[in-house]
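Here the structure is laid out as structure tokens; the discussion comes afterwards.
Naming: A, B, ... by sequence-line order, numbering from 1 per chain. On a predicted model such as this, the values are computed, not experimentally measured, just so you know.
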2 protein chains.
Amino acid sequence: MDTLDVKILKLLQQNARVTVSEIASQINLSVPAVSDRLKKLEAGGIIDKYVAIVNPARFQKELTAIMFISLERPKFTEQFVEFVQREDEILECHYLAGDYDYALKIITRSAATLERLLNRIKSVPGVQKTRTIVALSTVKNNHSIIPEDYSGE
Amino acid sequence: MDTLDVKILKLLQQNARVTVSEIASQINLSVPAVSDRLKKLEAGGIIDKYVAIVNPARFQKELTAIMFISLERPKFTEQFVEFVQREDEILECHYLAGDYDYALKIITRSAATLERLLNRIKSVPGVQKTRTIVALSTVKNNHSIIPEDYSGE
DNA sequence: TCTGAAAAAGAATTCGG
DNA sequence: CCGAATTCTTTTTCAGA
């Protein structure tokens with residue numbers, strides 16, 4: 001992992017479909033060298049995956065919300081996690097240290113669909129308390145960490 | 001926008017670097033047809049971008065946190081937004097309806113680096129109150145909405 | 001480990017139907 | 001939208017630095 005690898009990662013974060021030869025010319029490296037490095041970045045799990053980001057507005061998904069959940073007991077965890085995985089409107093779920101047990105990031109169509117999701121959530125066994133915070137707009141939305149500029153290793 | 005477009009989107013969400021011919025064979029459509037559809041999805045802004053997701057753990061970014069911020073007055077907004085854009089450890093920023101004004105999603109190295117970021121945040125003019133919630137683990141992490149299976153338009 | 005070139009394979013574009 | 005031909009791109013290989 002060096003400066004050149006970081007440059008490759010940054011180019012792929014800007015556009016995951018750039019060709020190897022385009023990367024090569026951008027960073028002044030030969031095509032085989034870039035190809036080798038890219039394979040190592042993929043095989044080594046440095047690059048987790050390549051994702052197409054779909055514009056939520058084009059699917060009338062206009063409402064973003066953060067929802068906090070507290071679960072009654074640890075034994076309900078497995079069932080809750082399965083529920084979360086099933087629900088496409090729940091994009092993220094983080095297990096928390098603190099007052100609530102989970103934080104969900106939700107993108108849905110409207111107040112009405114949020115209400116329906118909330119009702120599904122409340123009917124999952126063990127869900128005790130919820131708190132929903134609605135976002136009015138999104139100021140920044142990076143999907144991946146940005147590797148800091150490298151010098152070591 | 002129809003069922004086939006949704007299938008194309010889903011394949012690109014699984015792997016944004018799949019080739020058009022691979023998509024074509026997966027959905028039983030000719031290569032030129034897929035190529036045309038893909039161009040329309042891109043040009044129409046349905047696909048926002050293609051992103052390589054970098055594994056945070058491989059860069060020792062082990063700590064995820066949600067931070068709520070309240071700003072003193074609207075006039076500090078612009079400066080705050082610029083700050084947020086500059087800080088690579090702040091991945092998301094949403095403007096809120098409610099108690100706090102903004103929610104940030106933060107991925108950083110450790111408690112020490114979170115502390116330093118918190119201090120930078122607190123020294124942004126207008127930042128009045130913050131509340132930080134640390135995540136212990138991530139249960140689900142989708143980066144894009146999943147289009148519902150289509151029938152109309 | 002990289003380069004450069006050449007060969008081979010594969011993918012995308014074009015276009016007639 | 002299909003299918004075939006053309007063109008472009010990518011990958012692989014390897015000798016040499």
Contact list (N/O, under 3.5 angstrom) for nucleotides 1-3 of chain C vs protein:
from  : atom 1 : to      : atom 2 : distance (Å)
C:dC2 : OP1    : A:Arg37 : NE     : 3.0
C:dC2 : OP1    : A:Arg37 : NH2    : 2.8
C:dT3 : OP2    : A:Ser30 : N      : 2.8
C:dT3 : OP2    : A:Ser30 : OG     : 2.4

Counting neighbours of CD on B:Gln128 that are heavy atoms of other residues, nucleotides or ligands and sit closer than 6.0 Å, is the number greater than 12? yes
Could you tell me the separation between the CZ atom of B:Arg17 and the P atom of C:dA11, rounded to a whole number of Å? 13 Å
Does C:dG10 have OP1 or OP2 sitting under 4.0 Å from an N or O in the side chain of B:Thr19? no
Residue pairs involving residues 5-59 of chain A (criterion ring pair (Phe, Tyr, Trp, His ring centres under 6.0 Å); sequence neighbours excluded): none
Within the distance-only criterion (no hydrogens, no angle test), does the side chain of A:Asp2 pair as donor or acceptor with the backbone N or O of A:Asp5 below 3.5 angstrom? yes
B:Tyr95 atom OH: more than 12 heavy-atom contacts under 6.0 Å: no
Can you check the A:Glu42 CD to D:dT11 P distance for me, whole Å? 10 Å
Are the charged groups of A:Arg120 and A:Glu89 less than 4.0 angstrom apart, N to O? yes
salt_bridge(A:Lys10, A:Asp149) N-O dist < 4.0 Å: yes
Phosphate oxygens OP1/OP2 of D:dT11: is one of them under 4.0 Å from a side-chain N or O of A:Lys39? no
